[in-house]
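Worksheet: one structure, shown below.
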Amino acid sequence: MVRRRLARPLLVRWFRGGGLSEAGLSLCLAAVAGAVNAGGFLLVGAYTSHMSGIVSAMADHLVLGAMPVVLAGLLALLAFTAGAGVSAVLINRGRRRGRRNPYLVPLRLEAGLLLAGGGVGWLAAREAGGVPPVALATPLLCFLMGLQNATITKISGARMRTTHMTGVITDIGVELGKLLYWNRAGLLEGRPFVRADRARLRLLLALLGSFFLGGVAGAAGFLALGFAFCLPLAALLMLAAEAMRCP
(Lines give C-alpha, C1' and ligand atoms only; values in the text may rest on other atoms or scores of the structure.)
Protein backbone atom coordinates (compact mmCIF):
# COMPACT_ATOMS: atom_id res chain seq x y z
CA MET A 1 0.00 0.00 0.00
CA VAL A 2 1.43 3.36 -1.05
CA ARG A 3 0.80 6.18 1.38
CA ARG A 4 0.38 9.68 0.08
CA ARG A 5 2.96 12.00 1.50
CA LEU A 6 1.31 14.76 3.44
CA ALA A 7 2.37 18.32 2.69
CA ARG A 8 4.40 19.83 5.45
CA PRO A 9 2.70 22.63 7.34
CA LEU A 10 3.92 26.10 6.41
CA LEU A 11 5.32 26.79 9.86
CA VAL A 12 7.47 23.66 9.64
CA ARG A 13 8.96 24.85 6.37
CA TRP A 14 9.48 28.37 7.68
CA PHE A 15 11.21 27.22 10.89
CA ARG A 16 13.13 24.11 9.91
CA GLY A 17 16.69 23.06 10.54
CA GLY A 18 16.92 24.73 13.93
CA GLY A 19 16.47 28.24 12.53
CA LEU A 20 14.45 30.61 10.39
CA SER A 21 14.33 29.47 6.77
CA GLU A 22 14.65 31.72 3.72
CA ALA A 23 10.86 31.84 3.40
CA GLY A 24 10.39 32.65 7.08
CA LEU A 25 12.97 35.43 6.90
CA SER A 26 11.27 36.84 3.80
CA LEU A 27 7.95 37.03 5.65
CA CYS A 28 9.54 38.91 8.55
CA LEU A 29 11.27 41.34 6.20
CA ALA A 30 8.07 41.89 4.20
CA ALA A 31 6.23 42.78 7.42
CA VAL A 32 8.95 45.26 8.40
CA ALA A 33 8.94 46.82 4.92
CA GLY A 34 5.15 47.12 4.97
CA ALA A 35 5.29 48.81 8.37
CA VAL A 36 8.04 51.23 7.35
CA ASN A 37 6.31 52.06 4.07
CA ALA A 38 2.82 52.67 5.45
CA GLY A 39 3.91 54.22 8.75
CA GLY A 40 6.58 56.31 7.08
CA PHE A 41 4.00 57.76 4.70
CA LEU A 42 1.86 58.92 7.61
CA LEU A 43 4.90 60.55 9.25
CA VAL A 44 6.79 62.08 6.33
CA GLY A 45 4.29 61.96 3.46
CA ALA A 46 6.32 59.67 1.21
CA TYR A 47 6.47 55.97 0.45
CA THR A 48 10.06 54.82 0.84
CA SER A 49 10.16 51.08 0.14
CA HIS A 50 10.01 51.31 -3.68
CA MET A 51 11.38 53.78 -6.20
CA SER A 52 8.84 53.68 -9.07
CA GLY A 53 6.61 56.36 -7.59
CA ILE A 54 9.55 58.52 -6.57
CA VAL A 55 11.08 58.45 -10.07
CA SER A 56 7.69 59.23 -11.65
CA ALA A 57 7.19 62.11 -9.20
CA MET A 58 10.63 63.46 -10.12
CA ALA A 59 9.65 63.44 -13.80
CA ASP A 60 6.31 65.16 -13.10
CA HIS A 61 7.81 67.89 -10.95
CA LEU A 62 10.68 68.47 -13.36
CA VAL A 63 8.12 69.31 -16.05
CA LEU A 64 6.23 71.49 -13.56
CA GLY A 65 9.43 73.28 -12.59
CA ALA A 66 9.32 72.22 -8.92
CA MET A 67 13.04 71.67 -8.56
CA PRO A 68 13.09 71.28 -4.73
CA VAL A 69 10.78 68.25 -5.07
CA VAL A 70 12.97 66.85 -7.86
CA LEU A 71 16.07 67.21 -5.70
CA ALA A 72 14.31 65.60 -2.73
CA GLY A 73 13.36 62.65 -4.94
CA LEU A 74 16.92 62.41 -6.24
CA LEU A 75 18.21 62.29 -2.65
CA ALA A 76 15.77 59.47 -1.83
CA LEU A 77 16.81 57.58 -4.98
CA LEU A 78 20.51 57.95 -4.16
CA ALA A 79 19.87 56.83 -0.56
CA PHE A 80 18.05 53.67 -1.74
CA THR A 81 20.87 52.93 -4.19
CA ALA A 82 23.48 53.50 -1.51
CA GLY A 83 21.70 51.09 0.82
CA ALA A 84 21.73 48.38 -1.85
CA GLY A 85 25.40 49.05 -2.54
CA VAL A 86 26.35 48.85 1.13
CA SER A 87 24.53 45.52 1.42
CA ALA A 88 26.45 44.12 -1.56
CA VAL A 89 29.78 45.29 -0.11
CA LEU A 90 29.08 43.79 3.32
CA ILE A 91 27.85 40.45 1.95
CA ASN A 92 30.71 40.04 -0.52
CA ARG A 93 33.21 41.04 2.15
CA GLY A 94 31.76 38.40 4.46
CA ARG A 95 31.95 35.76 1.74
CA ARG A 96 35.55 36.62 0.93
CA ARG A 97 36.46 36.30 4.61
CA GLY A 98 34.74 32.94 4.89
CA ARG A 99 32.03 33.96 7.35
CA ARG A 100 29.49 31.23 7.99
CA ASN A 101 26.55 33.58 7.43
CA PRO A 102 27.56 36.78 5.60
CA TYR A 103 23.98 38.07 5.59
CA LEU A 104 23.88 38.77 9.32
CA VAL A 105 25.89 41.99 9.11
CA PRO A 106 23.56 43.94 6.76
CA LEU A 107 20.49 42.80 8.70
CA ARG A 108 22.09 43.84 11.98
CA LEU A 109 23.06 47.16 10.40
CA GLU A 110 19.48 47.72 9.26
CA ALA A 111 18.16 46.98 12.75
CA GLY A 112 20.74 49.26 14.36
CA LEU A 113 20.09 52.16 11.98
CA LEU A 114 16.33 51.75 12.34
CA LEU A 115 16.70 51.89 16.11
CA ALA A 116 19.09 54.86 16.05
CA GLY A 117 17.07 56.73 13.44
CA GLY A 118 13.87 56.14 15.37
CA GLY A 119 15.47 57.53 18.53
CA VAL A 120 16.86 60.60 16.78
CA GLY A 121 13.56 61.16 14.95
CA TRP A 122 11.58 60.88 18.18
CA LEU A 123 13.84 63.41 19.94
CA ALA A 124 13.80 65.79 16.98
CA ALA A 125 10.02 65.60 16.67
CA ARG A 126 9.64 66.25 20.40
CA GLU A 127 11.87 69.33 20.19
CA ALA A 128 9.94 70.57 17.15
CA GLY A 129 6.57 70.20 18.84
CA GLY A 130 5.62 66.92 17.22
CA VAL A 131 6.66 67.80 13.67
CA PRO A 132 8.63 64.87 12.15
CA PRO A 133 12.07 65.66 10.65
CA VAL A 134 11.22 64.85 7.03
CA ALA A 135 14.63 65.87 5.66
CA LEU A 136 16.30 63.28 7.92
CA ALA A 137 13.69 60.53 7.91
CA THR A 138 13.00 60.08 4.20
CA PRO A 139 16.60 59.40 3.05
CA LEU A 140 17.22 57.15 6.06
CA LEU A 141 14.13 55.02 5.40
CA CYS A 142 15.02 54.77 1.70
CA PHE A 143 18.56 53.69 2.63
CA LEU A 144 17.19 51.00 4.95
CA MET A 145 14.79 49.68 2.32
CA GLY A 146 17.55 49.55 -0.28
CA LEU A 147 19.75 47.71 2.20
CA GLN A 148 17.00 45.19 2.99
CA ASN A 149 15.93 44.62 -0.61
CA ALA A 150 19.48 43.94 -1.76
CA THR A 151 20.07 41.57 1.18
CA ILE A 152 17.05 39.36 0.50
CA THR A 153 17.90 39.49 -3.21
CA LYS A 154 21.35 38.07 -2.46
CA ILE A 155 19.97 35.49 -0.02
CA SER A 156 17.31 34.18 -2.41
CA GLY A 157 19.33 34.42 -5.60
CA ALA A 158 17.08 37.24 -6.92
CA ARG A 159 13.97 35.05 -6.52
CA MET A 160 12.29 37.19 -3.86
CA ARG A 161 11.72 40.84 -3.04
CA THR A 162 10.23 42.12 0.20
CA THR A 163 10.09 45.92 -0.04
CA HIS A 164 7.62 46.18 -2.95
CA MET A 165 4.75 43.98 -4.05
CA THR A 166 4.47 44.67 -7.81
CA GLY A 167 6.58 41.66 -8.76
CA VAL A 168 4.96 39.50 -6.09
CA ILE A 169 1.45 40.30 -7.34
CA THR A 170 2.56 39.72 -10.94
CA ASP A 171 3.89 36.28 -9.99
CA ILE A 172 0.63 35.52 -8.14
CA GLY A 173 -1.28 36.33 -11.31
CA VAL A 174 1.01 34.09 -13.37
CA GLU A 175 0.58 31.15 -11.01
CA LEU A 176 -3.20 31.66 -10.83
CA GLY A 177 -3.30 31.69 -14.62
CA LYS A 178 -1.46 28.37 -14.71
CA LEU A 179 -3.69 27.00 -11.96
CA LEU A 180 -6.85 27.84 -13.91
CA TYR A 181 -5.50 26.70 -17.27
CA TRP A 182 -7.41 23.78 -18.81
CA ASN A 183 -5.02 21.16 -20.18
CA ARG A 184 -7.21 19.61 -22.88
CA ALA A 185 -6.35 15.94 -23.34
CA GLY A 186 -6.33 16.06 -27.12
CA LEU A 187 -3.75 18.84 -27.27
CA LEU A 188 -1.15 17.39 -24.90
CA GLU A 189 0.81 15.16 -27.26
CA GLY A 190 4.39 16.37 -27.33
CA ARG A 191 3.53 19.52 -25.42
CA PRO A 192 4.37 20.37 -21.80
CA PHE A 193 1.65 20.05 -19.19
CA VAL A 194 0.77 23.45 -17.69
CA ARG A 195 0.99 23.09 -13.93
CA ALA A 196 0.94 25.77 -11.23
CA ASP A 197 3.57 25.78 -8.53
CA ARG A 198 1.19 25.68 -5.58
CA ALA A 199 3.93 25.93 -2.95
CA ARG A 200 5.29 29.06 -4.61
CA LEU A 201 1.79 30.49 -4.89
CA ARG A 202 1.22 29.95 -1.16
CA LEU A 203 4.51 31.69 -0.37
CA LEU A 204 3.70 34.63 -2.64
CA LEU A 205 0.29 35.03 -1.03
CA ALA A 206 1.92 34.84 2.40
CA LEU A 207 4.41 37.57 1.40
CA LEU A 208 1.60 39.81 0.21
CA GLY A 209 -0.37 39.19 3.39
CA SER A 210 2.68 39.83 5.55
CA PHE A 211 3.40 43.13 3.78
CA PHE A 212 -0.24 44.21 4.18
CA LEU A 213 -0.47 43.26 7.86
CA GLY A 214 2.87 44.94 8.48
CA GLY A 215 1.45 48.06 6.84
CA VAL A 216 -1.61 48.00 9.10
CA ALA A 217 0.59 47.56 12.17
CA GLY A 218 2.99 50.26 10.99
CA ALA A 219 0.25 52.78 10.29
CA ALA A 220 -1.32 52.20 13.70
CA GLY A 221 2.02 52.07 15.50
CA PHE A 222 3.53 55.19 13.95
CA LEU A 223 0.31 57.12 14.50
CA ALA A 224 0.23 56.14 18.17
CA LEU A 225 3.95 56.22 19.02
CA GLY A 226 5.62 58.20 16.25
CA PHE A 227 9.25 57.32 15.66
CA ALA A 228 9.29 55.30 18.87
CA PHE A 229 7.56 52.52 16.91
CA CYS A 230 10.93 51.90 15.25
CA LEU A 231 11.94 50.07 18.45
CA PRO A 232 9.71 46.96 17.97
CA LEU A 233 10.53 46.92 14.24
CA ALA A 234 14.26 46.94 15.01
CA ALA A 235 13.74 44.18 17.58
CA LEU A 236 11.88 42.03 15.03
CA LEU A 237 14.68 42.54 12.51
CA MET A 238 17.35 41.61 15.03
CA LEU A 239 15.46 38.48 16.15
CA ALA A 240 14.94 37.41 12.53
CA ALA A 241 18.63 37.95 11.74
CA GLU A 242 19.83 35.98 14.75
CA ALA A 243 17.33 33.15 14.11
CA MET A 244 18.18 32.89 10.41
CA ARG A 245 19.39 29.50 9.30
CA CYS A 246 22.61 29.74 7.31
CA PRO A 247 21.69 29.48 3.60
Side-chain angles (χ1 to χ4, degrees), residues 7-39 48-50 80 83-95 99-115 141 143-169 171-172 175 197-218 221 229-247:
R8 292 183 179 180
L10 289 178
L11 286 177
V12 173
R13 292 201 300 272
W14 295 341
F15 294 92
R16 68 178 185 272
L20 196 63
S21 68
E22 178 186 302
L25 177 66
S26 298
L27 293 176
C28 291
L29 295 183
V32 171
V36 168
N37 202 39
T48 57
S49 72
H50 53 85
F80 191 96
V86 168
S87 172
V89 169
L90 292 174
I91 291 172
N92 289 319
R93 184 169 178 263
R95 287 174 174 172
R99 288 180 179 165
R100 181 173 176 272
N101 194 342
Y103 308 107
L104 278 176
V105 175
L107 290 175
R108 287 171 175 168
L109 176 62
E110 182 185 356
L113 288 177
L114 187 60
L115 181 60
L141 295 178
F143 179 88
L144 293 176
M145 292 296 95
L147 183 74
Q148 174 178 309
N149 202 43
T151 301
I152 193 61
T153 298
K154 300 284 278 184
I155 292 174
S156 68
R159 290 183 295 106
M160 277 191 264
R161 301 288 194 274
T162 59
T163 63
H164 53 275
M165 292 292 107
T166 303
V168 170
I169 295 172
D171 290 341
I172 289 173
E175 294 300 333
D197 188 340
R198 295 172 184 262
R200 184 166 185 261
L201 179 59
R202 286 193 293 269
L203 175 58
L204 291 169
L205 290 171
L207 283 171
L208 179 60
S210 183
F211 189 91
F212 176 77
L213 292 177
V216 172
F229 189 67
C230 288
L231 175 59
L233 294 180
L236 175 60
L237 265 175
M238 188 62 72
L239 288 173
E242 298 303 325
M244 180 175 54
R245 183 167 49 84
C246 184

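Basis for what follows: all heavy atoms, side chains included, without hydrogens, waters or symmetry-related copies.
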Say you draw a straight line from CG of Leu203 to OG of Ser26; how long is it, rounded to the nearest 0.5 Å? 6.5 Å

Kindly indicate whether the side chain of Leu113, heavy atoms from C-beta on, has any atom under 4.5 Å from the side chain of Phe143. yes

Should Thr163 and His50 be marked as a side chain to side chain contact (heavy atoms under 4.5 Å, CB included) after you check the CA-CA gap, both sets of side-chain angles, and the distance that decides it? CA-CA 7 Å; Thr163 63; His50 53 85; 5.7 Å; no

Side-chain heavy atoms of Glu110 within contact of Met145, under 4.5 Å: yes

Leu237 versus Arg108: any side-chain heavy-atom pair under 4.5 Å? no

Are His164 and Asn37 side-chain neighbours, meaning at least one heavy-atom pair lies under 4.5 Å? no

Would a distance-only check, ignoring hydrogens and angles, find a side-chain to backbone donor-acceptor pair under 3.5 Å from Gln148 to Leu29? yes

Side-chain contact, heavy-atom cut-off 4.5 Å: Leu90 with Val86? yes

Run Leu27 and Thr162 through side chain to side chain contact (heavy atoms under 4.5 Å, CB included) and show every step you take. CA-CA 8 Å; Leu27 293 176; Thr162 59; over 6 Å; no

Do Val36 and Leu144 touch side chain to side chain, with heavy atoms closer than 4.5 Å? no

Side-chain contact test, heavy atoms from C-beta onward, threshold under 4.5 Å: evaluate it for Glu22 versus Ile155 and give yes or no. yes

Can you find a heavy atom in the side chain of Cys230 that is under 4.5 Å from one in the side chain of Leu115? no

Charged N to carboxylate O below 4.0 Å: is that the case for Arg198 and Glu175? no

Just to verify, which of Asn92, Thr151, Asn149 counts as forming a side-chain hydrogen bond (donor to acceptor under 3.5 Å, both in side chains) with Ser87? Thr151

